[in-house]
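What you see is a predicted model; the values in this text were computed from it and never measured.
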Amino acid sequence: MQEQLAFAHGRKFGLVLGTRRFRNLVGAGLAFSILGTARSFDANEELAIRFVTSVVSQDELPALQQLAHKSAEALDDLTRAYLHQALNVNEGDTDMVEQVRSASQPGFKSRIRAYLSS
């Protein structure tokens, strides 16, 4: 939930965080609709738009963590690294440049102050 808040709130003071990855997950049109209006969205919508693959209760977390651990052990480290490299369409360096560019626009501190006071 904290990641969602940072994702939503950063846009409100001009910081671009994770937009390319979000677009890759939900599609360009929906991403622009959500990001362009700087609106937040809840777990139900996240599930509906495939931003997350599941929503679980606190009670279900231990079983989900165990499943994640087993999944992580399914491939050796080198194979997993190659798989991530082959599937990565996020262009991390470009994303970092865009994030730095958005943070370095004049008036960033005043935008944060205005956002926090609203």
Side-chain angles (χ1 to χ4, degrees):
M1 191 62 82
Q2 292 297 343
E3 185 175 329
Q4 174 189 336
L5 293 175
F7 186 71
H9 294 292
R11 293 186 317 270
K12 292 184 179 181
F13 51 79
L15 189 59
V16 177
L17 298 169
T19 54
R20 186 183 320 272
R21 184 168 189 274
F22 186 65
R23 180 214 56 210
N24 290 344
L25 290 170
V26 305
L30 184 56
F32 187 78
S33 171
I34 292 170
L35 300 176
T37 60
R39 75 174 174 84
S40 298
F41 44 97
D42 64 16
N44 291 327
E45 186 176 3
E46 289 174 357
L47 189 58
I49 66 174
R50 299 184 136 168
F51 184 60
V52 299
T53 57
S54 63
V55 177
V56 300
S57 69
Q58 285 283 88
D59 297 341
E60 298 172 283
L61 283 178
L64 186 60
Q65 289 170 328
Q66 189 175 32
L67 179 61
H69 185 28
K70 284 183 179 182
S71 295
E73 293 176 335
L75 299 175
D76 63 81
D77 291 344
L78 187 57
T79 302
R80 184 174 310 286
Y82 286 139
L83 181 62
H84 281 279
Q85 184 177 3
L87 296 175
N88 185 4
V89 294
N90 290 324
E91 302 177 39
D93 291 343
T94 303
D95 290 345
M96 182 61 73
V97 167
E98 293 304 322
Q99 184 175 348
V100 169
R101 185 176 290 145
S102 69
S104 64
Q105 293 298 311
F108 184 65
K109 287 182 181 179
S110 62
R111 289 194 307 273
I112 292 174
R113 277 194 292 274
Y115 170 74
L116 292 174
S117 67
S118 62

Fill in: Residue pair Val26 / Ile49: nearest heavy atoms and the distance that separates them
CG1-O, 3.4 Å

Fill in: Atom of Arg80, atom of Glu73 and distance for their closest heavy-atom approach
NH2-N, 4.1 Å

Discussion item. Is it the case that over 12 heavy atoms from other parts of the model lie below 6.0 angstrom from the CG atom of Asp76?
Written reply: yes

Worksheet item: Does some side-chain heavy atom of Gln58 sit less than 4.5 Å from a side-chain heavy atom of Leu61?
Response: yes

Worksheet entry | Nearest heavy atoms of Ser104 and Arg101, plus distance in Å | OG-O, 3.1 Å

Worksheet entry | Exceeds 12 heavy-atom contacts within 6.0 angstrom, atom CD of Gln65 | yes

Response to the item:
d(Asp42 CG, Leu47 CG) to nearest 0.5 Å is 10.0 Å

Discussion item. To check you understand the geometry: which heavy-atom pair defines the closest contact between Arg23 and Ala31, and what is its length?
Written reply: CA-CB, 3.8 Å

Worksheet entry | Interatomic distance, Glu60 atom CD to Ser57 atom OG [nearest 0.5 angstrom] | 3.5 Å

Worksheet entry | Nearest-0.5 Å distance that lies between atom CG in Leu25 and atom CZ in Arg20 | 13.0 Å

Discussion item. Between Ser71 and Leu67 (side chain of the first, backbone of the second, donor and acceptor by atom type, cut-off under 3.5 Å), is there such a pair?
Written reply: yes

Item to complete: Name the orientation class of the two ring planes belonging to Phe41 and Phe51 (parallel below 30°, tilted from 30 to 60°, perpendicular beyond 60°).
Response: perpendicular

Worksheet item: For the atom pair NZ (Lys70) and CD (Gln66), what is the distance rounded to the nearest 0.5 Å?
Response: 5.0 Å

Item to complete: Please identify each residue that fulfils salt bridge (Lys or Arg N to Asp or Glu O under 4.0 Å) with Glu45, with sequence neighbours left out.
Response: Arg39

Fill in: Co-membership, hydrophobic cluster, residues Phe32 and Phe22, 4.5 Å side-chain
no

